[in-house]
Amino acid sequence: MAFDKNSNSFTFIFAIILVCVVGTTLAVAFLALKPAYDENVRREKMQNILAAMNVKVARDDAPAKFTESISGSLLLDANGVVVDGSNRDKASGKSEASPAFDMDVLKQYKDWKANVVKAEDMQYPVYLANVEGHDLMVVPMIGTGLWGPVWGYVAIDKVDGRTIYGSTFDHKGETPGLGAEIATPIFIDQFPGKTISEPDGTYTGIKVYKGGSMTTDPHGVDGISGGTITSQGVDEMLMRTLAIYDVYFKQVVTKTVVPEPVVNISLSDTMAIDTLEIQ
Amino acid sequence: MSTETASAPVAVPKEGLFSKKNRKLITDPLNDNNPITVQVLGICSALAITVKMSNALVMSISVLAVVVLGNMIISALRNVIPSRIRIIAQLVIAAGLVTLVDIVLKAYVYDVAKQVGVYVGLIITNCILMGRYEAFAMNNKVGPSALDGLGNSLGYAWILVVVAFFREFFGSGSLMGITIIPNSWYAANGGAYFNNNMMILPPMALVIVGIIIWIQRLRNTKLIETA
């Protein structure tokens, strides 16, 4: 070495060059691999939406199945009113690349928690789908567990706009064996058949009970033993998000049900609307 | 710490890459100088990542890549790195490689990346890394350094895989995600078998590592410390 390896100037120059080389290498690698990573994230999202409708597919098959099952998507505002009504149909082939699908619900939730976004400015995506003869509305939701975010998708049957057809939940880092159980069938399988409002239209949401004696409640599920904070987070998430979607669900159902009932109504009107199955 | 490969000077002229001494660089860490059971390094990830065999394998391959590549880069730069900032320089290279591994996992094995996510980042704090960089790569040529990295990460890997084998088999009744214990054996389906949920929790990894250390020292009596 012609120069003094231990001089201050060489030490500085070495450090600067090393950091630049490492930084450039990482930046190039990241940019090169980002499309593959984004695609994975996108497919996982489709996989989750499909899982909420009890459609289990491998991640690679998700885009095809998604296009097949999802007929459109919309964005609602905080009052449950459709703001982006671009209800893209299958023919346009755009059902996946819609504002609703591209919306980052997690980011919006974090912004809301950090008071960057006001509650009344938040937007809520809805995916419209048809699976095995059921018209479904799939809604995403997000909340806070013990260690980080918890999220899920709930599919509501359009026939009455209040019965849950299926659901899926996931989490970032809840305790394995305790809070992490919300992502397992033990928890998820309780949801189908539960209702988010009374037959007369009163909103009830879905309650996650601590102590499993309430399994007969049509508006509640049994929480996870030892996962109290996670269960409370899921409870809060379901209550808050479904309340907003409930307004929309009621509008949609009213529109479908109002055309002349063909059955002789013997019950009170409100009860009848709820129990009818109109083609 | 019985044997110390690090202090062996490589001053022999014209030595084949797979000479007897260089072969020892690979075989030594597998048993006599195992990073986990003898040097007791890298225990953190051995506890955290051994619930499933597939995770243990991915973690092992990631560590292998980082240790071998890092050893080679640092060995190639060993005459240029100023001694006053050598630890920082090693750390920058280690961090760069770990981040690279993380990006590659996320792009190509997304499901595994999600499960081992946090721990890949923690490879940086794996003492095996800095131990090999500082103790071996800074004083040796590129070839032997690569072999040393390979040996040490293989020594780390086989312990991880063995621990994961027992934890996945007794904890989940499966291996590599494939169910081994027939469903009909389980108590829920009328059998008399239960998965041992203790196995899924980190402390059992420590117990299994302890048993491996015990067996290893029974067979290899020169490892027993005379205190």
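Here is the naming used below: chain letters follow the sequence lines, and residue numbers restart at 1 for every chain. Values below: every heavy atom of this structure, side chains too, minus hydrogens, waters and symmetry copies.
If you measure heavy-atom distances from Ile81(B) to chain A, the contacts under 4.5 Å come from both the backbone and the side chain. Of the atoms belonging to Arg59(A), it is side-chain heavy atoms, and not backbone ones, that fall under 4.5 Å from chain B. Using a 4.5 Å cut-off between heavy atoms, Val41(A) contacts chain B through both its backbone and its side chain. Proximity to chain B is limited to the side chain of Glu44(A), based on heavy atoms less than 4.5 angstrom apart. Heavy-atom distances place both the backbone and the side chain of Phe30(A) under 4.5 Å from chain B.
Counting heavy-atom pairs closer than 4.5 Å to chain B, the top-ranked of the candidates Leu18(A), Thr25(A), Asp38(A), Val21(A) is Leu18(A). Chosen from Val22(A), Thr11(A), Val19(A), the residue pairing most often with chain B at heavy-atom distances under 4.5 Å is Thr11(A).
Contacts of Arg78(B) classified as salt bridge (charged side-chain N to carboxylate O under 4.0 Å, His left out), with partners at least two apart in sequence or in another chain: none.
Heavy-atom proximity under 4.5 angstrom to chain A picks out Thr99(B), Leu100(B), Ile103(B), Val104(B), Lys106(B), Ala107(B), Tyr108(B) from residues 98-108 of chain B.
Atoms CZ and CD1, from Phe14(A) and Ile88(B) in turn, are 11.0 Å apart once rounded to the nearest 0.5 Å.
No more than 12 heavy atoms of other residues, nucleotides or ligands lie within 6.0 Å of CH2 in Trp147(A), so this atom counts as exposed by the packing criterion. Around NZ of Lys45(A), the count of heavy atoms belonging to other residues, nucleotides or ligands within 6.0 Å exceeds 12. Counting heavy-atom neighbours within 6.0 Å of Tyr153(A) OH, excluding the residue itself, gives a total above 12.
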